[in-house]
Amino acid sequence: MKKTSLLLVVLLLISTGCGNIVARKDKSQIVQFENTKIIPDKYDITFYRLLYPNTPNEKDKFYAQLDVLASKILAHKKDINLIIPLELYKDLHNLQLREVRESEKVFYKHSYSLTDEEREFIDSKIKVNTPENSGSVQKYLNKQIAYWYSYLKKPELYNENKNYTELDKDRIVDEVFENRKRFSNTIFALGNNLTIEVTVDTLAEGAESGLPIFLNTDSLPDNLDLLKSKIYVVKGEIEDSVIPNKLLLIANKNVKNIKDFEINTKILNITNPLELIPILDEYQDLKIKDMQNFKIKLVPNSVLEKASLKRETRERKTIDFEKSNVIWGIEK
């Protein structure tokens with residue numbers, strides 16, 4: 001009878017929140033960062049999201065601005081957290097391979113292999129005359145040539161009566177490559193500063209880079225733990241949670257899914273990369289490059305701060321990675 005009464009008292013204390021009871025088992029991962037300067041504490045991290053223009057000439061101007069920023073970062077040995085869209089990441093890779101941008105591929109493709117949809121797209125963008133009775137292949141090759149002359153700001157060189165060849169197109173595009181070749185080498189030297197912006201549809205493709213991923217969504221995909229990228233930055237109405245063996249940062253929210261860490265994330269949109277040059281010397285917060293190498297020590301299966309009751313204020317302590325057992329208990 002006494003044992004039964006004692007049990008009832010304990011249950012009453014738990015249900016009313018009285019007493020100094022702490023639920024120690026929470027959904028957070030014990031993380032050991034390779035960079036020993038990152039220790040358990042409260043941190044801020046700011047990402048600068050570069051907005052990629054739509055038109056070819058605006059993109060060229062953007063490349064030039066980005067090249068100046070990248071050169072400054074390398075010359076002064078600074079670091080800054082940059083979010084770039086997957087399209088820009090792919091375009092820069094294409095430049096390294098002497099290929100055109102993703103949006104330009106339809107104008108570089110062999111005209112005989114264009115699909116009906118691609119021909120319709122070219123017709124919607126290029127309004128020029130072509131040689132009469134020369135066939136559809138020649139018609140679209142001429143339109144492709146007209147696009148590249150227009151891009152180079154030499155539209156007067158297009159001859160509507162000439163039957164251009166694929167070699168003519170290659171010669172013109174070589175001039176484009178020469179104008180662009182320096183940009184990609186500089187920006188990829190900043191690899192560890194980059195986070196790739198994707199959509200849900202392009203998530204798997206972007207994650208193949210292994211770089212941190214930025215995603216704008218109100219619902220976390222359920223396959224993040226299977227993807228190559230190890231860090232996910234999310235803007236949306238989602239709950240702080242654990243992705244096994246990954247790190248999750250949420251815009252405008254303090255996350256606690258890394259045990260004994262609180263990380264507050266900010267994301268700022270940037271249209272002109274040159275705006276970031278004055279910030280290089282000012283930025284003192286957490287850097288994404290310092291977070292990319294880490295080890296996970298424990299992944300509990302419980303709910304974040306599950307059933308936590310009144311918690312005694314105590315001094316923050318560092319993690320003992322040799323002792324990672326988690327228990328529920330009543331503190332004395």
Side-chain angles (χ1 to χ4, degrees), residues 43-74 76 78-95 101-103 183-184 186-203 205-207 209 211-221 224 229 231-240 247-255 263-292:
Y43 293 94
D44 292 312
I45 184 168
T46 301
F47 290 89
Y48 300 94
R49 179 176 173 238
L50 300 182
L51 303 181
Y52 196 31
N54 294 319
T55 68
N57 293 117
E58 286 176 338
K59 287 179 178 180
D60 285 342
K61 182 178 179 181
F62 180 88
Y63 279 6
Q65 294 167 343
L66 186 57
D67 185 61
V68 172
L69 172 65
S71 298
K72 292 285 186 182
I73 291 173
L74 294 172
H76 297 282
K78 300 294 182 178
D79 294 291
I80 194 167
N81 305 318
L82 299 176
I83 295 176
I84 66 171
L86 179 61
E87 181 189 1
L88 173 57
Y89 182 76
K90 292 168 67 175
D91 283 349
L92 292 169
H93 266 295
N94 287 341
L95 292 184
R101 298 177 182 130
E102 293 294 305
S103 61
F183 296 131
S184 61
T186 307
I187 188 63
F188 278 118
L190 307 179
N192 289 334
N193 293 273
L194 301 179
T195 295
I196 308 300
E197 179 176 355
V198 300
T199 64
V200 172
D201 291 336
T202 60
L203 171 60
E205 181 183 6
S209 68
L211 293 171
I213 291 296
F214 171 70
L215 190 61
N216 194 334
T217 180
D218 291 329
S219 177
L220 279 181
L224 296 183
S229 293
I231 302 177
Y232 294 88
V233 185
V234 178
K235 182 178 181 181
E237 297 300 322
I238 64 170
E239 294 296 322
D240 188 9
L247 303 185
L248 173 64
L249 303 175
I250 306 174
N252 305 315
K253 182 177 289 189
N254 280 310
V255 296
I263 303 178
N264 180 53
T265 302
K266 296 180 182 178
I267 297 173
L268 301 178
N269 291 339
I270 302 295
T271 55
N272 182 348
L274 297 180
E275 296 173 19
L276 295 176
I277 291 177
I279 298 174
L280 294 178
D281 288 325
E282 299 173 3
Y283 187 80
Q284 300 295 325
D285 293 333
L286 203 56
K287 297 168 183 174
I288 196 68
K289 80 176 188 67
D290 294 331
M291 300 178 64
Q292 295 188 41

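This one's a predicted model, so the numbers in the text were calculated from it and none came from an experiment. Atoms considered below: every heavy atom in the structure, side chains included; atoms not considered: hydrogens, waters and symmetry mates.
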How close do [X] and [Y] get, heavy atom to heavy atom, and via which atoms?
X	Y	value
Leu248	Glu239	CD2-O, 4.4 Å
Ser219	Ile238	N-CG2, 3.9 Å
Leu215	Val198	CD1-O, 3.5 Å

Mark yes or no for whether Asp218, through its side chain, and Glu237, through its backbone, hold a donor-acceptor pair below 3.5 Å. yes
Check whether Thr199 reaches the backbone of Thr202 with its side chain - one donor and one acceptor, N or O, closer than 3.5 Å.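 Yes.
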Test log, rule side chain to side chain contact (heavy atoms under 4.5 Å, CB included), inputs Phe62 and Leu51: CA-CA 9 Å; Phe62 180 88; Leu51 303 181; over 6 Å; no
Would you say that [X] contacts [Y] through its side chain, given a criterion of any heavy-atom pair below 4.5 Å between the two side chains?
X	Y	value
Tyr232	Pro212	no
Leu190	Ile73	yes
Pro53	Lys61	no
Thr265	Val255	no
Phe47	Leu268	no
Leu247	Met291	yes
Ile213	Thr195	no
Glu102	Asn94	yes

Would you give the length of the straight line joining atom [atom1] of [X] to atom [atom2] of [Y], rounded to the nearest 0.5 angstrom?
X	Y	atom1	atom2	answer
Tyr43	Ile263	OH	CD1	8.0 Å
Leu194	Asn81	CG	CG	10.0 Å
Leu86	Asp201	CG	CG	11.5 Å
Asp60	Gln65	CG	CD	11.0 Å
Asn192	Leu211	CG	CG	7.5 Å

For residues 45-57, which residue pairs pass the salt bridge (charged side-chain N to carboxylate O under 4.0 Å, His left out) check, not counting sequence neighbours?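 Those involving residues 45-57 are Arg49-Glu197.
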Going by the rule side-chain hydrogen bond (donor to acceptor under 3.5 Å, both in side chains), which residues pair with [X] if we only count those two or more places apart in sequence or in a different chain?
X	result
Asp281	Lys78
Ser71	none
Ser209	none
Glu205	Lys90

Identify, with sequence neighbours excluded, every residue that meets side-chain contact (heavy atoms from CB on, under 4.5 Å) alongside [X].
X	answer
Asn216	Lys235
Leu276	Tyr48, Leu50, Leu69, Ile80, Leu82, Ile270, Ile279
Glu87	Tyr52, Lys59, Asp91, Ser103
Asn264	Asp44, Asn254, Lys266

For Asp79, check salt bridge (charged side-chain N to carboxylate O under 4.0 Å, His left out) against everything at least two apart and list the hits.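 For Asp79, the residues satisfying salt bridge (charged side-chain N to carboxylate O under 4.0 Å, His left out) (neighbours in sequence not counted) are Lys289.
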Excluding sequence neighbours, so at least two apart, what forms ring-ring contact (aromatic ring centres under 6.0 Å, His included) with Tyr89? His93, Phe188
Are Leu203 and Leu224 close enough, and set up right, to give a side chain to side chain contact (heavy atoms under 4.5 Å, CB included), and what steps lead you there? CA-CA 9 Å; Leu203 171 60; Leu224 296 183; 3.6 Å; yes
Could you check Leu249 against Lys253 for side chain to side chain contact (heavy atoms under 4.5 Å, CB included), going step by step and ending with a plain yes or no? CA-CA 8 Å; Leu249 303 175; Lys253 182 177 289 189; over 6 Å; no
Could you go through the side chain to side chain contact (heavy atoms under 4.5 Å, CB included) check for Gln292 and Ile231 one step at a time? CA-CA 7 Å; Gln292 295 188 41; Ile231 302 177; 4.1 Å; yes
